[in-house]
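Scroll down for the structure; my scribbles are underneath it.
Below, chain A is the first sequence line, B the second, and so on; all start at residue 1. Values reported hereafter were calculated over all heavy atoms of this structure, with side chains retained and with hydrogens, waters and symmetry mates removed.
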2 protein chains.
Amino acid sequence: MLTAVASNPDSTTLADRVFAQIRRAIVEGEIAPGCKLSEPVLAERFTVSRGPLREALRRLEAIHLIERKANVGARVVSLSGVQLVELYQIRETLEGLAARLAAEAMTDTAVAELQSLLAEHRASVARDQWQAYFQTEGDWDFHYRIVHGSGNQRLIAILCDDLYHLARLYRCQFGMKSERATAALKEHGLIVDAIAERDGELAEWLMRRHIRASRRHAEQRIAHHPIQPTMRPVP
Amino acid sequence: MLTAVASNPDSTTLADRVFAQIRRAIVEGEIAPGCKLSEPVLAERFTVSRGPLREALRRLEAIHLIERKANVGARVVSLSGVQLVELYQIRETLEGLAARLAAEAMTDTAVAELQSLLAEHRASVARDQWQAYFQTEGDWDFHYRIVHGSGNQRLIAILCDDLYHLARLYRCQFGMKSERATAALKEHGLIVDAIAERDGELAEWLMRRHIRASRRHAEQRIAHHPIQPTMRPVP
DNA sequence: AGAGCCAAAATTGTCGACAATCTAGCTTGC
DNA sequence: GCAAGCTAGATTGTCGACAATTTTGGCTCT
């Protein structure tokens, strides 16, 4: 669902694969935030020339996962609390829009699939409440579906190709366990219901409240676990 | 105000300059929508190697001004009516947010500057009502200021670095004259007033209505002047 | 004559080497 | 002893050439 391109040996270009690999490494915390990305060492690590590697870095910069300065180099973005709040503000607005559009535009079969996905998540949470990883992944799945359901291609691009990668990085960075999983699941249920009833206005309002709650949770967590400007080198 | 980098011979990298030049050429309609961008001819036209040129193309792709397919090449985005509507939907949401945040976060001096900018625009419109170009440029100036006034760095990046270039391209493409200039100016005045009174809720509502009106205007125009899939070669 | 296939040309992707720039460590002077 | 300037090393930016893929033109076959 992400960008299924990885590990296909010849269907894409080298730069595509390197891009996907580094992105995964960054988003999953394998390469630490603030870490410098040296072109020679990455080129050797992925056994490619600096050409495709530079293209990959440029694309990582485009989705704001790394920052580059001319003649200096690239670093993984370092995450601050205010940037997290900024991200949540935008997500609240855009995903609210997505929910409203989805309620108006999603096909009946897509709604049914969304409902079954939700049922799966419910079962999964009931089964193994401890498995935080798959719960957060399920959360992403849910949001991805809604956004795609909106049908607005540019909205899909902004959220799924740019902001979600950053949001995932933040979650990994601040170690967001899913204490909120059961509450989030309940909120998801309400949103799906609103979409199923084609009530766009309600779906938007519920989605905005859902993300606002998630933001509050994150803010609280940061307050206890204050900003740690990680700058450790690449493992 | 755009990205003042052009024509500075050595302060930036080659790729930066080529990027800015091609972007300007595309946004101002010098290179037609749908037109193919051949790397060799562009490299010769700007007297650079294909290396920096490819970087520029990649950055143009990142802001969605061109589309690339592997082993095929790059084309300037072709504009459809539905994409225009998609863009307006997102702008309505995001700029509404920007207006609300600006009302809460802008400094008093920034508000004063915004008011004087508005006065300038009023004078300009009263003086030479025919000069459509500067009016639309003034319109962009206004929106740029509000967005920057929000203080949300990511919001600024999404709107000013990505969506606005596309929107400008659309305006050039569909030849949006400013019959709406005087109405738009009146709406701008209300928004500035709301911001000056620190009424974020009202500012958001007014901004959304302003963009909605602009969208309706564009839709009407497209209806009379239906989609012309331009595909003429580079001049 | 039209459709399908093959080959050549052009274009894109990739690579290695060179030049310009920045960083770090050392020397030198106060 | 500390700060400023300089030199050496490493890193990034740029270039030209080669390899792989796509496209186009012509040819053959039905």
Side-chain angles (χ1 to χ4, degrees), chain A residues 3 5-23 26 31-32 34-62 65-78 231-234, chain B residues 3 5-23 26 31-32 34-62 65-78 231-234:
Chain A
T3 346
V5 145
S7 75
N8 197 336
D10 60 281
S11 72
T12 54
T13 154
L14 260 183
D16 282 330
R17 285 196 289 282
V18 175
F19 166 69
Q21 288 185 60
I22 303 183
R23 182 181 63 186
I26 292 178
I31 302 178
C35 174
K36 181 160 192 321
L37 297 176
S38 163
E39 293 182 6
V41 322
L42 286 177
E44 196 213 12
R45 173 164 169 177
F46 294 102
T47 48
V48 289
S49 175
R50 276 182 53 219
L53 179 79
R54 281 171 67 88
E55 161 154 0
L57 290 184
R58 230 121 39 197
R59 291 172 61 181
L60 289 169
E61 182 188 20
L65 280 183
I66 70 176
E67 288 169 346
R68 301 186 62 192
K69 277 192 295 189
N71 294 313
V72 171
R75 308 190 83 88
V76 179
V77 289
S78 56
M231 203 66 95
R232 51 204 149 101
V234 50
Chain B
T3 347
V5 145
S7 76
N8 197 337
D10 60 283
S11 72
T12 55
T13 159
L14 260 183
D16 282 330
R17 286 195 288 283
V18 175
F19 167 70
Q21 288 184 60
I22 302 182
R23 182 181 63 185
I26 291 177
I31 301 178
C35 174
K36 181 161 193 321
L37 297 175
S38 163
E39 293 182 5
V41 323
L42 286 177
E44 196 212 13
R45 173 165 168 178
F46 293 102
T47 48
V48 288
S49 175
R50 274 181 55 219
L53 178 80
R54 281 170 68 88
E55 162 154 1
L57 291 184
R58 227 122 38 200
R59 291 172 60 179
L60 289 169
E61 182 189 20
L65 281 183
I66 71 176
E67 289 168 348
R68 302 186 62 192
K69 276 192 296 188
N71 294 312
V72 171
R75 307 190 84 88
V76 178
V77 289
S78 56
M231 204 66 94
R232 50 203 150 101
V234 48

Check: So, does A/R68 use its side chain to make a donor-acceptor pair with the main chain of A/A74 at under 3.5 Å?
Finding: no
Next item on the list: Report yes or no: does B/R23 contribute a side-chain atom to a donor-acceptor pair with the main-chain N or O of B/L60 at less than 3.5 Å?
Entry: no
Margin query: Restricting to salt bridge (Lys or Arg N to Asp or Glu O under 4.0 Å), what partner residues turn up for A/E67, sequence neighbours left out?
Written below: none
Nearest non-hydrogen partners of [X] and [Y], listed with the distance:
{"X": "A/P40", "Y": "A/S38", "answer": "CD-OG, 3.1 Å"}
{"X": "B/A56", "Y": "B/V18", "answer": "CB-CG1, 3.9 Å"}
{"X": "A/A15", "Y": "A/P52", "answer": "CB-O, 3.7 Å"}

Kindly say if [X] contacts the phosphate of [N], meaning a side-chain N or O under 4.0 Å from OP1 or OP2.
{"X": "A/K36", "N": "D/dT12", "result": "yes"}
{"X": "A/R68", "N": "D/dG13", "result": "yes"}
{"X": "A/R54", "N": "C/dG13", "result": "no"}
{"X": "B/T13", "N": "D/dT14", "result": "yes"}

To the nearest angstrom, how far is [X] atom [atom1] from [N] atom [atom2]?
{"X": "B/L14", "N": "D/dT12", "atom1": "CG", "atom2": "P", "result": "18 Å"}
{"X": "A/E39", "N": "C/dA20", "atom1": "CD", "atom2": "C1'", "result": "14 Å"}
{"X": "B/R58", "N": "D/dT14", "atom1": "CZ", "atom2": "P", "result": "12 Å"}
{"X": "A/E55", "N": "D/dG13", "atom1": "CD", "atom2": "C1'", "result": "16 Å"}
{"X": "A/L42", "N": "D/dT12", "atom1": "CG", "atom2": "P", "result": "9 Å"}
{"X": "A/K69", "N": "C/dT21", "atom1": "NZ", "atom2": "P", "result": "17 Å"}
{"X": "A/E61", "N": "D/dT12", "atom1": "CD", "atom2": "P", "result": "13 Å"}

Next item on the list: For A/A62, enumerate each residue passing the side-chain contact (heavy atoms from CB on, under 4.5 Å) test, keeping only those at least two apart in sequence or located in another chain.
Entry: B/A62
Margin query: Please encode protein proximity along nucleotides 5-10 of chain C as a string of B, S and -, counting only heavy-atom distances under 4.0 Å.
Written below: ------
Shorter than 3.5 Å, N or O on both sides, protein versus nucleotides 16-20 of chain D: list them out with atom names.
none

Next item on the list: Select base, sugar-phosphate, or nothing to describe what B/L37 touches, counting heavy atoms under 4.0 Å on all strands.
Entry: sugar-phosphate
Next item on the list: List in chain and number order the residues that pass side chain to side chain donor-acceptor pair (under 3.5 Å) with A/E55, two or more places apart in sequence or in another chain; answer none if no residue qualifies.
Entry: B/R58
Check: For B/E39, which residues count as a side chain to side chain donor-acceptor pair (under 3.5 Å) partner, sequence neighbours excluded?
Finding: B/R50, B/R54
